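For reference, the structure discussed in these notes is given below.
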There are 2 protein chains.
Amino acid sequence: MAKKTRVSIAVVRRLPRYHRYLEELLKKGVKRISSKELSEIMNITASQIRQDLNVYGGFGQQGYGYNTEELYKKLSEIIGIGKTYNMIIIGAGNMGQALANYPNFEKYGFKIIGIFDRNPKMFGLKIRDVEIMDVDKIGEFVRHNRVDIAIICVPSENAQKVADKVVEMGIKAIWNFAPTDIDVPDDVVVENVHLSDSLLSICYRMNEDDLFKKLGKK
Amino acid sequence: MAKKTRVSIAVVRRLPRYHRYLEELLKKGVKRISSKELSEIMNITASQIRQDLNVYGGFGQQGYGYNTEELYKKLSEIIGIGKTYNMIIIGAGNMGQALANYPNFEKYGFKIIGIFDRNPKMFGLKIRDVEIMDVDKIGEFVRHNRVDIAIICVPSENAQKVADKVVEMGIKAIWNFAPTDIDVPDDVVVENVHLSDSLLSICYRMNEDDLFKKLGKK
DNA sequence: TAGATTGTTAATCGATTAACAATC
DNA sequence: TAGATTGTTAATCGATTAACAATC
């Protein structure tokens, strides 16, 4: 079972969203913001915002609200933004290549330092200066380079095998784009991006009204 | 505010996962499965499985469990798999191209019938037989073709504008890959794939222990 | 100081889990 | 029939919201 968060996952998932909104406010030159104002922008309750933040400390001031810049910095600190994180991509198919090309991540200190694939035709090709290497060389690579996060973009059949390998190499976080669940020890962070599940949830929601009409008729 | 589900979103998000596991079991030739067995494979409680399924009907049989194939079909029906869904991609950057190339979606009846971009250099290029068109021609395209889902892959600055446009054209579902939230009327389904948020949550979880050590010392 | 807004406790709401009678 | 397992009600747990004293 993958690593559990101490703070409820619901709160954790809101942190990047707070961070995103604070960044926006900062860009707009907003110097202070109350939980009430922020709650209206974000479509959540002010109470929830205050509860969430107070898990980590009292960052506000009575009668004033929150200093935008200070809160932004605090959130960055809480999330762990600021350090550099080295990532490798395993599987240089569509998704792997797209992620390798995605510039947004570097902004927060996430750096792709290696890409691996099974297909010999790809060996030596470069994506944004990072070479595609033989997947069998992952072990060697990880021994010589600090790797914080492994991004799995291989077909679902191979996902568990790849996960086992990177866990064995001591990597403590996996971003899993394979459309399957993977098993890891409980000190390893796993974040799934199940695009098919996501799309199927749209599908369901488009059909839900009809579905209940049908169910109701029974 | 985007469309809300009648059934709690927690349940809805589990439906594709059930579907996925049932498909696996079916492939393996498993003819029947009890909620207990399934719960062990999926790492959730048997109670939850029974509760979830019973929202939509009693698909099992006392003393026996569930017929794998029947339950799989029921889940497909509930989710709405089986029909064809036409999708367009707006923004032919990395993510847009990757999604256009992704073969997995067609399996469930999701078809990409148009790709749009702002960059004239891309007009006329094809991805898997689908032409990249001028983003200003979306309106015309949607008038002549049934479009069920719009996939937004433009930079965040343009996301809301694009969303407004596709909503105006009558599209009722948006799959949003732009790293920002979008506002839509409450009959439109929005599913966000915020990759940066997802990555930042990994970041947080890798650092949480250290964070609490620091907080504890205060 | 008076007004505003936090931090925090208490109340509510909803989701998950447990229990068990019904029944195949 | 006896055993197994569902469907469903009740109990528990956890997350969200409300309320308000503290305080800037």
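Below, chain A is the first sequence line, B the second, and so on; all start at residue 1. Everything numeric in this text was worked out from a predicted model, so none of it was measured.
A salt bridge links B:Lys213 and B:Asp210; the closest N-O separation between the charged side-chain nitrogens and carboxylate oxygens is under 4.0 Å. Between B:Glu77 and B:Lys73 there is no salt bridge, since none of the side-chain N atoms of the basic residue sits less than 4.0 Å from a carboxylate O of the acidic one. Salt-bridge annotation for A:Lys74 and A:Glu70: absent, with no side-chain N of the basic residue lying under 4.0 Å from a carboxylate O of the acidic one. Note on B:Asp209 versus A:Arg6: salt bridge recorded, some NZ/NE/NH1/NH2 to OD/OE distance being below 4.0 Å.
Between A:Ile44 atom CD1 and D:dA18 atom P the separation is 13 Å, expressed in whole Å. In this structure, the CG atom of B:Leu53 is 14 Å from the C1' atom of D:dT5, given to the nearest Å. Atom pair B:Tyr66:OH and D:dA4:P shows a separation of 18 Å (rounding to whole Å applied). For A:Gln48 and D:dA15, the CD to C1' distance is 9 Å, given to the nearest whole Å. Rounded to whole Å, the distance from CE on A:Met42 to P on D:dT17 is 13 Å. Rounded to whole Å, atom P of D:dG14 lies 10 Å from atom NZ of A:Lys4. As rounded to whole Å, 13 Å separates atom P of D:dA18 from atom NZ of A:Lys36. The distance from atom CD1 of A:Ile49 to atom P of C:dT5 is 13 Å, rounded to the nearest whole Å.
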* Would you sort out whether A:Lys3 and A:Glu191 count as a salt bridge (charged side-chain N to carboxylate O under 4.0 Å, His left out), showing the intermediate values? => CA-CA 10 Å; A:Lys3 189 170 188 182; A:Glu191 170 80 0; over 6 Å; no

* To do: May I have the step-by-step check of ring-ring contact (aromatic ring centres under 6.0 Å, His included) for A:Tyr21 and A:Tyr18, ending in yes or no?
  => CA-CA 5 Å; A:Tyr21 276 87; A:Tyr18 290 132; 8.5 Å; no

* Asked: Where do A:Gln48 and A:Asp52 land on the side chain to side chain donor-acceptor pair (under 3.5 Å) test, with the steps shown first?
  -> CA-CA 6 Å; A:Gln48 182 164 72; A:Asp52 285 355; 5.1 Å; no

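Contacts between residues 25-34 of chain A and DNA chain C, defined by a heavy-atom separation under 4.0 Å, are made by A:Arg32, A:Ser34. Proximity of residues 6-24 of chain B to DNA chain C (heavy atom under 4.0 angstrom from any strand atom) is restricted to B:Ser8, B:Ala10, B:Arg14.
The side chain of A:Ser35 places no N or O atom within less than 4.0 Å of a non-bridging phosphate oxygen (OP1 or OP2) of C:dT5.
Without hydrogens or angle criteria, B:Ser34 side chain to B:Gly65 main chain gives no donor-acceptor distance under 3.5 Å. With B:Ser198 contributing its side chain and B:His194 its backbone, the two residues share no donor-acceptor pair below 3.5 Å.
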* Asked: Under a 3.5 Å cutoff on both atom distances, Watson-Crick or G-U, what's the dot-bracket for DNA chain C ([ ] crossing, | other strand)?
  -> ..||||||||||||||||||||||

* At under 4.0 Å between heavy atoms, which parts of nucleotides 19-24 of chain C does protein reach? Answer with one letter per nucleotide, 5' to 3': B base, S sugar-phosphate only, - none. => B--BBB

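In this pair, B:Trp175 and B:Phe177 present their aromatic rings perpendicular. The plane angle is above 60°, beyond the 30 to 60° band.
With no hydrogens or angles considered, no side-chain donor-acceptor pair links B:Gln97 and B:Asn101 at under 3.5 Å.
With sequence neighbours left out, A:Tyr64 forms a side chain to side chain contact (heavy atoms under 4.5 Å, CB included) with A:Arg32, A:Gln61, A:Asn67. Applying the side chain to side chain contact (heavy atoms under 4.5 Å, CB included) test to B:Ala46 and every residue at least two apart in sequence or in another chain returns B:Ser35, B:Ser39, B:Arg50.
You won't find any donor-acceptor pair under 3.5 Å spanning the side chain of B:Gln51 and the base of D:dT6, going by distance alone.
Of the listed residues (B:Asp181, B:Asp197, B:Asn192), just one forms a side-chain hydrogen bond (donor to acceptor under 3.5 Å, both in side chains) with A:Arg17, and that residue is B:Asp181.
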